[in-house]
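Everything below concerns the one structure shown next.
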Amino acid sequence: MRSSAQVQDIFKRNTPDWSKVGGPAGPIKVINRPEFSGTHQTFKEQVLSGANFGTGPNITKLDRDATTPLLQALGNNGIGYATFAQVVNHRTVRVVPVNGATPDAGNYPYKRQLYNAYKNPPRQAVKDFLGYATSSEGQKAMLTGN
């Protein structure tokens, strides 16, 4: 897969065969997260520009918003989407570059910002967490999923 347009074609237009997006001939099995998933909503906004996901016999929508069932459902011809930290060190799947970039690159086209919200004034436990989260050790842990 080489471009954002190809990703859109798979998830929005229900592209049925890998050969249509630069792969070897064979059916594409799309694994989609449930609509209440934040990852689903972000993917829909960023990748599909707010349009609906495609429908069809090759698309499976999971009941649970969890990465492990998604990875198990992929098989040898599946594609899905997940938070990078959840799959970066996974041995049975690979991250697909989009527009020549992987999610750890600064020019990767699909990223979302997450924020910490807390009540003012913060309790000491909140201050401790924020101190860790903004430290180099905390930043490293978030990027590696540890």
Side-chain angles (χ1 to χ4, degrees), residues 1-16 18 21-23 27-146:
M1 197 161 328
R2 295 179 180 88
S3 72
S4 299
Q6 289 173 323
V7 176
Q8 282 184 348
D9 284 344
I10 289 172
F11 287 93
K12 186 170 150 181
R13 296 185 184 91
N14 194 15
T15 301
W18 284 111
V21 290
I28 298 175
K29 179 173 146 184
V30 177
I31 308 300
N32 199 359
R33 290 175 176 268
E35 292 175 6
F36 61 82
S37 161
T39 306
H40 172 101
Q41 292 302 321
T42 299
F43 192 91
K44 181 177 178 177
E45 290 168 17
Q46 290 187 2
V47 179
L48 306 182
S49 301
N52 290 325
F53 286 83
T55 58
N58 66 316
I59 297 178
T60 300
K61 188 188 311 182
L62 300 176
D63 294 329
R64 292 181 28 217
D65 183 27
T67 300
T68 300
L70 183 144
L71 299 179
Q72 291 170 339
L74 290 174
N76 292 329
N77 63 338
I79 189 167
Y81 50 94
T83 301
F84 180 58
Q86 295 173 326
V87 297
V88 65
N89 294 319
H90 208 281
R91 293 186 177 131
T92 62
V93 298
R94 68 183 178 101
V95 174
V96 178
V98 177
N99 298 342
T102 56
D104 54 344
N107 64 337
Y108 190 71
Y110 310 126
K111 291 187 178 191
R112 70 175 168 171
Q113 296 292 322
L114 299 177
Y115 300 91
N116 293 306
Y118 57 89
K119 187 175 180 178
N120 245 341
R123 296 187 330 203
Q124 186 59 47
V126 172
K127 290 179 184 178
D128 293 344
F129 170 76
L130 292 173
Y132 174 73
T134 57
S135 72
S136 60
E137 181 183 2
Q139 293 290 304
K140 182 179 176 186
M142 283 188 278
L143 291 174
T144 60
N146 295 320

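Positions are given from 1 along the sequence.
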Report the distance from atom [atom1] of [X] to atom [atom2] of [Y], rounding to the nearest 0.5 Å.
{"X": "Thr67", "Y": "Leu62", "atom1": "OG1", "atom2": "CG", "result": "9.5 Å"}
{"X": "Ser4", "Y": "Asp9", "atom1": "OG", "atom2": "CG", "result": "11.0 Å"}
{"X": "Ile10", "Y": "Trp18", "atom1": "CD1", "atom2": "CH2", "result": "4.5 Å"}
{"X": "Leu74", "Y": "Leu70", "atom1": "CG", "atom2": "CG", "result": "5.0 Å"}

Work out which heavy atom in [X] is nearest to a heavy atom in [Y]; give both atom names and the distance.
{"X": "Gly54", "Y": "Ile59", "result": "O-CD1, 3.1 Å"}
{"X": "Asn120", "Y": "Pro122", "result": "OD1-CD, 3.1 Å"}
{"X": "Ala51", "Y": "Lys12", "result": "CB-CE, 3.7 Å"}
{"X": "Asn99", "Y": "Pro109", "result": "ND2-CG, 4.0 Å"}

Exercise. Between Val47, Ile31, Asn32, which is the residue that forms a side chain to side chain contact (heavy atoms under 4.5 Å, CB included) with Tyr81?
Worked result: Asn32
Exercise. If only atom types and distance count, is the side chain of Ser135 paired as donor or acceptor with the main-chain N or O of Gly138 below 3.5 Å?
Worked result: yes
Can you find a heavy atom in the side chain of [X] that is under 4.5 Å from one in the side chain of [Y]?
{"X": "Asn58", "Y": "Pro27", "result": "no"}
{"X": "Asp65", "Y": "His40", "result": "no"}
{"X": "Asp104", "Y": "Val88", "result": "no"}
{"X": "Pro69", "Y": "Leu71", "result": "no"}

For this session: Decide side-chain contact (heavy atoms from CB on, under 4.5 Å) for Val98 and Tyr110; before the verdict, give the C-alpha distance in whole Å, the side-chain angles of both, and the deciding distance to 0.1 Å.
Result: CA-CA 9 Å; Val98 177; Tyr110 310 126; 3.9 Å; yes
For this session: Please step through side chain to side chain donor-acceptor pair (under 3.5 Å) for the pair Ser37 and Arg64, ending with a clear verdict.
Result: CA-CA 9 Å; Ser37 161; Arg64 292 181 28 217; over 6 Å; no
Exercise. So does Glu35 pair up with Lys44, basic N to acidic O under 4.0 Å?
Worked result: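 No, no charged N to carboxylate O under 4.0 Å.
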Problem set entry | Under 3.5 Å side-chain donor-acceptor pair for Thr42 and Arg112 | yes
With a cut-off of 6.0 Å (strictly less than), are more than 12 heavy atoms of other residues, nucleotides or ligands near [atom1] of [X]?
{"X": "Asp63", "atom1": "CG", "answer": "no"}
{"X": "Asn76", "atom1": "CG", "answer": "no"}
{"X": "Glu137", "atom1": "CD", "answer": "no"}

For this session: May I have the step-by-step check of ring-ring contact (aromatic ring centres under 6.0 Å, His included) for Phe43 and Phe11, ending in yes or no?
Result: CA-CA 10 Å; Phe43 192 91; Phe11 287 93; 4.8 Å; yes
